[in-house]
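Notes follow the structure.
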Amino acid sequence: MSGSPSAEWPLWEVFVRSRRGLSHTHAGSLHAPDAEMALRNARDLYTRRSEGVSIWVVPSAEITASSPDERDPFFEPSADKPYRHPTFYAIPEGVRHL
Amino acid sequence: MTAALALGDDALVLSHRLGEWAGHAPVLEEEVALANIALDLLGQARVLLSLAGDEDELAYLREERAFRNVQLVEQPNGDFAQTIARQLYFSTYQELLYERLARGTGPFAPLAAKAVKEVAYHRDHAEQWTLRLGDGTEESHERMRRGLDALWRFTGELFEPVEGCEVEWHTLHDAWLTRISSVLERATLTVPEGPRRGGWAAGAGRQGLHTEPFGRMLAEMQHLHRSHPGATW
Amino acid sequence: MTTMAADAGAYEAVFDAALAADERIEPRDWMPDDYRATLVRQMAQHAHSEIIGMQPEANWITRAPSLRRKAILMAKVQDEAGHGLYLYSAAETLGTSREELLDKLHSGRQKYSSIFNYPTLTWADVGAIGWLVDGAAITNQVPLCRCSYGPYARAMVRICKEESFHQRQGYELLLALSQGTEAQHAMAQDAVDRWWWPSLMMFGPPDDASAHSAQSMAWKIKRHSNDELRQRFVDICVPQAESLGLTLPDPELRWSEEREHYDFGPIDWDEFREILRGNGPCNAQRITQRRRAHEEGAWVREAAAAHAAKHGKAQA
């Protein structure tokens, strides 16, 4: 009834550039038999209200994630280096262009 | 405005047929795709019919014999392969026609220039599916072949000159055939053989002679509007 | 990294802390099994409702009485397909494939909103669905944009944004009918009479009889109780009905100074349970059509998969 498993189309992640000058951001996912159809389905689904000027599609299975856990120790070390951020530095009032 | 009616009715009727797929498409992604095409066509129909008169009066109050669409677009959906065959034949034609109209100076140039981008996408959609169905499984190949064959006899009419369209119809036909042949070849299919012109087979829709399913389609489309004469919706 | 079999208690503490801080839970975070199961069930049911919900409205696409209305209706039904798709995708982030979920829908193991088991008998029903059914859905859905599960919340943000036109078009449609001919007005009133009570049932059983509510609220999947949302909906609808020039079919409907809300009459929960049991006017028809579309589409899906495999384009 649900078709043979071989007929199940893989999942694709869709990234849309909403306008020129911005980077592609993740919009969602969809199913498609291949990349060409994935692009076309993405166009119909995620840009039918003119939300985009360019689309990327990536097979979900091809994405390598930093760790199995979203709450990632991978990123904890950077949280203790506030000196990487401009707000770390006190600048006397009135000094401009810094 | 013979031409506005002819092109407008083509778009109106095909849009209606595609609308019948809503809730019946083979996969959710295709629900969205078919609806997009139907909406584009309905938009084109509304602009074209408005050039000829009141869009709703023309759509809802004309009798069958007054419609000027080609018979191809009124053919019932059949299975998905037959719908794709109809889309392939028609959108390839429509793209070539609108490209030519857009380059001209006639009253349809602005509309055609806008619509040709939509239609190019419809043609691409039909081509992509023709390739996949033709060169997919044995069953899909057979269904696609049957769909193409069944509709072939309605394709001759596409190239009957439409009054008011300044187009070289025979070069349009040649370009159409070249393109269709190339797609079908890539899809491991062959161009159907058989008559395409003459008598009832083709060439009649533009003169208001349609096929039986069209009357039923109109009955459904028009009944509510006609049941409330003069009402606004 | 953190994949050591650390004690479940520590994970649970992190999860609870995230909820307490109103943070979102993301797909690969640790989560309690019941939380996962509840979410999959709710997202699936929501997705199923979108695609079954296409049917009663698609029923009128071919008969829409003006080209403008026809375009609006087609766009709306298309949106519903899209929304079903977003929601299936959200459910898939928890490792359940769309195919599995559809299978459960087709075999009756998962539900969809009972409202779609009522028939659309006249054109005015399209308006009543937009105004009342979508109105009730929006009342339910807006809080879901803040649901604790990230992918669900994000899908809902997109859906709510797109749905903003759905309710308005329904209201506008009914207004045109209500202010139209006598026959049109009667058609509009009849539709409202038939859709009002079922819309109120869309918020689910009363709080004291709702099986999953309390836990869902604790998990911040649900933000307000069924009765609270139902009351909010009634309060919104009464003045809207007045502007429409239509009556809501409830003789007990009146403003309560004391509660500062509208009082309304008792809901026929027997009818609700009957439909839930599969005995509504359209249960069998809706599932049959859905199943048929899926079965008749199998060869198409197989063909595209076979084509991709042949041409080395298949993924995974």
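What's counted below: heavy atoms across the whole structure, side chains too, no hydrogens, waters or symmetry copies. Below, read A as the first sequence line, B as the second, and so on, with proteins coming before strands; counting in each chain starts at 1.
- Proximity to chain C at a heavy-atom threshold of 4.5 Å picks out His225(B), His228(B), Ala231(B), Thr232(B), Trp233(B) from residues 225-233 of chain B, in numerical order.
- At least one donor-acceptor pair closer than 3.5 Å links the side chain of Gln78(C) to the backbone N or O of Val32(B).
- In terms of heavy-atom pairs under 4.5 Å with chain C, the best-connected choice from Arg143(B), His24(B), Glu55(B) is Arg143(B).
- When the candidates Gly23(B), Ala45(B), Gly134(B), Ser15(B) are compared by the number of heavy-atom contacts under 4.5 Å with chain C, Gly23(B) comes out ahead.
- Using a 4.5 Å cut-off between heavy atoms, Leu131(B) touches chain C through backbone and side chain atoms alike.
- Atom CZ of Arg168(C) has 12 or fewer neighbouring heavy atoms from other residues, nucleotides or ligands inside a 6.0 Å radius.
- Both the backbone and the side chain of Leu28(B) come within contact range of chain C, with heavy atoms under 4.5 Å apart.
- Note that the CZ atom of Arg132(B) and the NE2 atom of His311(C) stand 9.0 Å from one another [nearest 0.5 Å].
- If you measure heavy-atom distances from Tyr60(B) to chain C, the contacts under 4.5 Å come from the side chain alone.
- Within 6.0 Å of NZ on Lys310(C) lie more than 12 heavy atoms contributed by other residues, nucleotides or ligands.
- Among Asp79(B), Val27(B), Asn36(B), the residue with the largest count of heavy-atom pairs under 4.5 Å with chain C is Asn36(B).
- Of the atoms belonging to Arg63(C), heavy atoms from both backbone and side chain fall under 4.5 Å from chain B.
- Of the listed residues Thr122(C), Leu67(C), Asp79(C), Ile61(C), the one with more heavy-atom pairs under 4.5 angstrom with chain B than any other is Leu67(C).
- When Glu172(C), Gln55(C), Arg68(C) are compared by the number of non-hydrogen pairs under 4.5 Å with chain B, Arg68(C) comes out ahead.
- For Glu142(B), the side-chain contact (heavy atoms from CB on, under 4.5 Å) test picks out Arg145(B), Arg146(B), with sequence neighbours left out.
- With chain B as partner, the option from Ile51(C), Leu85(C), Ile52(C) having the largest number of non-hydrogen pairs under 4.5 angstrom is Leu85(C).
- With respect to chain B, the highest number of heavy-atom pairs below 4.5 Å among Arg290(C), Glu80(C), Lys70(C) belongs to Lys70(C).
- Among Met217(B), His223(B), Glu20(B), Arg17(B), the single residue meeting the side-chain contact (heavy atoms from CB on, under 4.5 Å) criterion with Thr62(C) is Glu20(B).
- Annotation: the span from Met74(C) atom CE to His16(B) atom NE2 amounts to 9.0 Å, rounded to 0.5 Å.
- With respect to chain B, the highest number of heavy-atom pairs below 4.5 Å among Gln179(C), Glu296(C), Glu57(C), Gln184(C) belongs to Gln184(C).
- Both the backbone and the side chain of Glu29(B) come within less than 4.5 Å of a heavy atom in chain C.
- Taking each heavy atom of Thr137(B) and Ala303(C) in turn, the nearest pair found is CG2-CA, 3.9 Å.
- Heavy atoms closer than 4.5 Å to chain C are found in both the backbone and the side chain of Ala38(B).
- The most heavy-atom pairs under 4.5 Å with chain B, out of Ala75(C), Ala304(C), Ala176(C), Ser66(C), come from Ser66(C).
- The shortest heavy-atom contact between Val77(C) and Ala22(B) is CG1-CB, 4.2 Å.
- Heavy atoms of Ala25(B) lying under 4.5 Å from chain C belong exclusively to its backbone.
- Under a cut-off of 6.0 angstrom, the local environment of CD in Glu220(B) is crowded, with over 12 non-hydrogen atoms contributed by other residues, nucleotides or ligands.
- In this structure, Arg46(B) and Ala71(C) approach most closely via the heavy-atom pair NH1-CB, 4.2 Å.
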